[in-house]
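Remarks on the structure that follows.
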Amino acid sequence: MPRSIVDFSAISPIIKDEPFFLHFWESTPSEALEFMKNPRAELAKMGIELPPDCRVETTIENHDWLAARTNNFTRADDGPIIICGTGGGNVAKAYYKVSFYAHEKSEVGKYKKQLLHSESERERK
């Protein structure tokens with residue numbers, strides 16, 4: 001099951017009031033493959049329940065990179081790859097859009113980011 005699941009509505013009152021969900025999670029390649037086979041079931045495992053009329057749309061941003069490093073998703077060992085998923089929609093929208101981005105675990109924390117506001121602030125002033 002995916003880990004590091006974050007519901008941005010739970011940590012931001014601004015997003016909480018918006019008419020959509022916004023989520024983040026991390027998966028292994030084999031977990032992402034299970035997601036591709038049955039997205040609703042995998043979302044439900046994370047607590048994301050969608051109504052039957054809400055379609056699921058999925059994008060793999062670097063699909064070719066991921067396929068090359070997992071032997072086209074056939075390698076049994078998930079190795080050093082992590083797949084970040086972001087999802088959003090439903091509520092006032094009849095879709096839930098998932099975007100996956102794969103990278104090596106060694107990249108976590110490697111890059112300096114220019115944040116739009118401090119962690120103690122709710123939004124940019």
Side-chain angles (χ1 to χ4, degrees):
M1 179 167 136
R3 68 221 45 72
S4 300
I5 300 166
V6 178
D7 183 342
F8 289 102
S9 294
I11 58 177
S12 170
I14 295 169
I15 296 173
K16 183 179 181 182
D17 290 340
E18 292 294 336
F20 55 81
F21 290 117
L22 186 56
H23 304 112
F24 170 88
W25 62 90
E26 294 178 345
S27 303
T28 64
S30 32
E31 290 166 339
L33 184 57
E34 289 304 308
F35 180 92
M36 298 305 284
K37 291 177 184 177
N38 191 344
R40 286 179 184 280
E42 296 305 304
L43 289 169
K45 286 180 187 177
M46 293 186 281
I48 302 168
E49 299 283 347
L50 301 176
D53 65 338
C54 180
R55 70 184 187 275
V56 178
E57 299 177 359
T58 305
T59 301
I60 302 175
E61 294 179 22
N62 53 347
H63 193 162
D64 56 341
W65 183 94
L66 179 58
R69 282 155 183 82
T70 59
N71 195 26
N72 298 319
F73 286 92
T74 60
R75 186 171 56 193
D77 175 20
D78 284 319
I81 296 172
I82 191 164
I83 301 171
C84 294
T86 55
N90 193 20
V91 186
K93 302 177 179 185
Y95 71 90
Y96 188 83
K97 172 72 174 162
V98 175
S99 182
F100 285 125
Y101 176 75
H103 62 85
E104 294 196 10
K105 291 177 184 176
S106 63
E107 291 186 276
V108 174
K110 182 178 177 180
Y111 301 96
K112 183 173 170 70
K113 294 180 181 179
Q114 177 78 28
L115 301 178
L116 297 178
H117 57 82
S118 74
E119 294 178 29
S120 63
E121 294 175 308
R122 290 186 179 180
E123 62 184 291
R124 182 178 173 166
K125 293 182 182 184

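Being a predicted model, the structure only gives us computed values, none of them experimental.
With rounding to the nearest 0.5 angstrom, the OG atom of S12 is 8.5 Å from the CG atom of D17. Interatomic distance, L115 CG to K112 NZ, rounded to the nearest 0.5 Å: 8.5 Å. Within the model, atoms CD of E42 and CE of M36 stand 11.5 Å from one another, a figure rounded to the nearest 0.5 Å. For the atom pair E123 CD and K125 NZ, the distance stands at 9.0 Å (nearest 0.5 Å). Of the inter-residue distances, the one linking C54 atom SG with K93 atom NZ reads 10.5 Å to the nearest 0.5 angstrom. In this structure, I48 CD1 and D7 CG are separated by 7.5 Å, a value rounded to the nearest 0.5 Å.
Sorted by first and then second residue, the ring pair (Phe, Tyr, Trp, His ring centres under 6.0 Å) pairs involving residues 28-54 (not counting sequence neighbours) are F35-F100.
Annotation for V91 and P19: closest pair CB-O, 3.4 Å, computed over non-hydrogen atoms. Residue P2 comes nearest to S27 through the heavy atom pair CG-OG, 3.6 Å, listed as atom of the first residue, atom of the second, then distance. For I83 against P29, the heavy-atom pair with the smallest separation is CD1-CA, 3.6 Å. The nearest pair of heavy atoms linking I11 to P13 is O-CD, 4.0 Å.
No donor-acceptor distance shorter than 3.5 angstrom exists from the side chain of R55 to the backbone of Y95, with no hydrogens or angles considered. Side-chain N or O atoms of N90 include none that pairs as donor or acceptor with a backbone N or O of Y96 at under 3.5 Å. Judged purely by atom type and a 3.5 angstrom limit, E31 uses its side chain to pair as donor or acceptor with the backbone of M1.
A continuous path of hydrophobic side-chain contacts links L33 to V98 [ILVMFWY only; heavy atoms under 4.5 Å]. Clustering ILVMFWY residues whenever any of their side-chain heavy atoms sit less than 4.5 angstrom apart, transitively, puts L50 in the very cluster that holds M46. Cluster annotation: F21 and W25 are assigned to the same hydrophobic cluster (Ile/Leu/Val/Met/Phe/Trp/Tyr, side-chain heavy-atom contacts under 4.5 Å, transitive). Tracing side-chain contacts under 4.5 Å through hydrophobic residues (I, L, V, M, F, W, Y), one never reaches F24 starting from I5; they form parts of separate clusters. In this structure, V6 is not a member of the same hydrophobic cluster as Y101, with clusters built from ILVMFWY side-chain heavy atoms closer than 4.5 Å.
Side-chain atoms of H103 and V108, non-hydrogen and from C-beta on, do get closer than 4.5 Å to each other. Side-chain contact between W65 and I60 is absent, with no heavy atoms from C-beta onward closer than 4.5 Å. Looking only at side-chain heavy atoms (C-beta outward), F8 and T86 stay at 4.5 Å or farther from each other. When side chains are defined from C-beta on, N38 counts as touching R40, because their heavy atoms get closer than 4.5 Å. The shortest side-chain heavy-atom distance between E61 and L66 does not fall under the 4.5 Å cut-off.
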Test side chain to side chain contact (heavy atoms under 4.5 Å, CB included) applied to E34 and T28, step by step: CA-CA 10 Å; E34 289 304 308; T28 64; over 6 Å; no

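Atom NZ of K16 is surrounded by 12 or fewer heavy atoms from other residues, nucleotides or ligands within 6.0 Å. Within a 6.0 Å radius of CZ in R122, other residues, nucleotides and ligands contribute 12 heavy atoms or fewer.
One finds no salt bridge joining K110 and E104 here, because no Lys/Arg side-chain nitrogen approaches an Asp/Glu carboxylate oxygen to under 4.0 Å.
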